[in-house]
Undergrad: 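I have a structure here, written as structure tokens, and I will follow up with some questions on it.
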Amino acid sequence: MKKLIFATLSTGALLAAAIIRGCNGNEEQNDSKSAAPDSTATQAAEAQILKIRYIDGDSVTANYNFAKDLKESAVRAYSKLEAAQQSRQNELQNFGKSIDSKMKTNGYLTEESYKADVMKFQKMQSDAENHLANLQRNTEIELAQQQQQLNDSIEAFIKEYNKTKGYDAILFKAAGVYFNPALDITQEVIKGLNERYNKVNKK
């Protein structure tokens, strides 16, 4: 009988100890859960703190005076290229017509004189192709350099502008699907770009 009572008491003590440990364990788990930071909440809070603005790149290039000047320069370069192409084409057409006309009117007294004109025509063609290819390549290089100047100008201004604004990011509108219109600083940037460009031109 004593053994049974002792066994019952021992079992009860073990159960009590287990319950106490379980409670303590739950408390520790709860404490650890409450102590562990919620990473999602932290990230959301940080995202709300970030100061982000955006600019419309198309509007900047359409209204920035430097971009306008470069656009006019590009139009002149392409016009020059087209004029050169038209000029060489006219020369070839006129000389080709001259050869045809002389053939029809028996203007060539010898076969050698005809061959000489044909060779001249072929050389004119080759020279024209080389000249126009070089002109086009130089035009493309010039326009690429101008585009780089424009990009560098905008980037340099944005960096200087942000020294006083302290934004965490300034994005191009094309980089996202949606931006709150309240974050748009395009007009402010265009105004600053033009003020700086006009000041440089006056100097």
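All values below were derived from every heavy atom in this structure, side-chain atoms included, with hydrogens, water molecules and symmetry-related copies excluded. This chain uses plain numbering: 1 for the first residue, then up along the sequence.
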Undergrad: What verdict does the side-chain contact (heavy atoms from CB on, under 4.5 Å) test give for Arg53 and Glu188, after you've listed the backbone C-alpha separation in whole Å, the side-chain angles of each residue and the deciding distance to 0.1 Å?
TA: CA-CA 11 Å; Arg53 297 293 184 272; Glu188 188 176 344; over 6 Å; no
Undergrad: How many angstroms lie between atom CG of Asp117 and atom CE of Met119, to the nearest 0.5 angstrom?
TA: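 Going from the CG atom of Asp117 to the CE atom of Met119 covers 11.0 Å.
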Undergrad: Just say parallel, tilted or perpendicular for the rings of Tyr161 and Tyr167, cut-offs at 30° and 60°.
TA: tilted
Undergrad: Just wondering, do Gln187 and Ile190 contact through their side chains at under 4.5 Å, heavy atoms?
TA: yes
Undergrad: Measure from the side-chain N and O atoms of Asn94 to the backbone N and O of Asn90, and report whether any donor-acceptor pair falls under 3.5 Å.
TA: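 It does hold such a pair.
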Undergrad: Is it true that atom CD of Gln93 has more than 12 heavy atoms of other residues, nucleotides or ligands lying nearer than 6.0 Å?
TA: yes
Undergrad: Say whether Leu70 and Phe157 are linked into one hydrophobic cluster, either directly or through other cluster members, by side-chain heavy-atom distances under 4.5 angstrom.
TA: yes
Undergrad: Between the side chain of Ser79 and the main-chain N/O of Val75, is any donor-acceptor distance below 3.5 Å?
TA: yes
Undergrad: Quick one: NZ on Lys163 to CD on Glu160, what's the gap to the nearest 0.5 Å?
TA: 4.0 Å
Undergrad: Find out if a path of hydrophobic residues (ILVMFWY) with successive side-chain heavy-atom gaps under 4.5 Å connects Ile154 to Ile170.
TA: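 Both belong to a single hydrophobic cluster.
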Undergrad: Once rounded to the nearest 0.5 Å, what's the spacing between atom CZ of Arg88 and atom CE of Met124?
TA: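 With rounding to 0.5 Å, CZ (Arg88) is 8.0 Å from CE (Met124).
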Undergrad: Are the side chain of Thr61 and the backbone N or O of Gly57 linked by a donor-acceptor pair below 3.5 Å?
TA: yes
Undergrad: Show the nearest heavy-atom pair for residues Asp184 and Thr186, with the distance to one decimal.
TA: OD1-OG1, 2.5 Å
Undergrad: Output the distance between atom OH (Tyr78) and atom CD (Glu140), rounded to the nearest 0.5 Å.
TA: 6.5 Å
Undergrad: If you measure only the distance, is there a donor-acceptor pair under 3.5 Å linking the side chains of Gln148 and Asp152?
TA: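 Asp152 and Gln148 do have a side-chain donor-acceptor pair below 3.5 Å.
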Undergrad: For Lys68, is the NZ atom crowded, meaning more than 12 foreign heavy atoms sit under 6.0 Å from it?
TA: yes
Undergrad: Run the salt bridge (Lys or Arg N to Asp or Glu O under 4.0 Å) test on Asp127 and Lys123 for me, step by step, so that the C-alpha distance in whole Å, both residues' side-chain angles and the decisive distance to 0.1 Å come before the verdict.
TA: CA-CA 6 Å; Asp127 291 344; Lys123 187 176 185 307; 2.9 Å; yes
Undergrad: Taking the six-membered ring for Trp, are Phe179 and Tyr54 parallel (under 30°), tilted (30 to 60°) or perpendicular (over 60°)?
TA: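 Ring orientation, 0 to 90° scale: parallel.
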Undergrad: Does the side chain of Glu72 come within less than 4.5 Å of Arg76's, by heavy atoms?
TA: yes
Undergrad: Ignoring hydrogens and geometry, is there a side-chain-to-backbone donor-acceptor pair from Asp168 to Ile52 under 3.5 Å?
TA: no
Undergrad: For the atom pair CG (Leu132) and CD (Gln86), what is the distance rounded to the nearest 0.5 Å?
TA: 11.0 Å
Undergrad: Should Leu135 and Leu92 be counted in the same cluster of Ile, Leu, Val, Met, Phe, Trp and Tyr side chains packed under 4.5 Å apart?
TA: no
Undergrad: Which heavy-atom pair separates Gln146 from Ala74 by the least distance, and what is that distance?
TA: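 Reported closest heavy-atom pair: OE1-N, 4.4 Å.
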Undergrad: Supply the atom-to-atom distance Leu193 CG to Leu150 CG, rounded to the nearest 0.5 angstrom.
TA: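 Going from CG on Leu193 over to CG on Leu150, the span is 9.0 Å.
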Undergrad: Could you check whether atom NZ of Lys102 has more than 12 heavy atoms from other residues, nucleotides or ligands sitting under 6.0 Å from it?
TA: yes
Undergrad: Measure from the side-chain N and O atoms of Ser101 to the backbone N and O of Lys97, and report whether any donor-acceptor pair falls under 3.5 Å.
TA: no
Undergrad: Does either side chain, that of Ser153 or that of Tyr64, offer a donor lying less than 3.5 Å from an acceptor on the other one?
TA: yes
Undergrad: Please check this pair: side chain of Asn194 against backbone of Asn63, looking for a donor-acceptor N/O pair closer than 3.5 Å.
TA: yes
Undergrad: Closest heavy-atom contact between Asn198 and Asn65?
TA: OD1-ND2, 3.4 Å
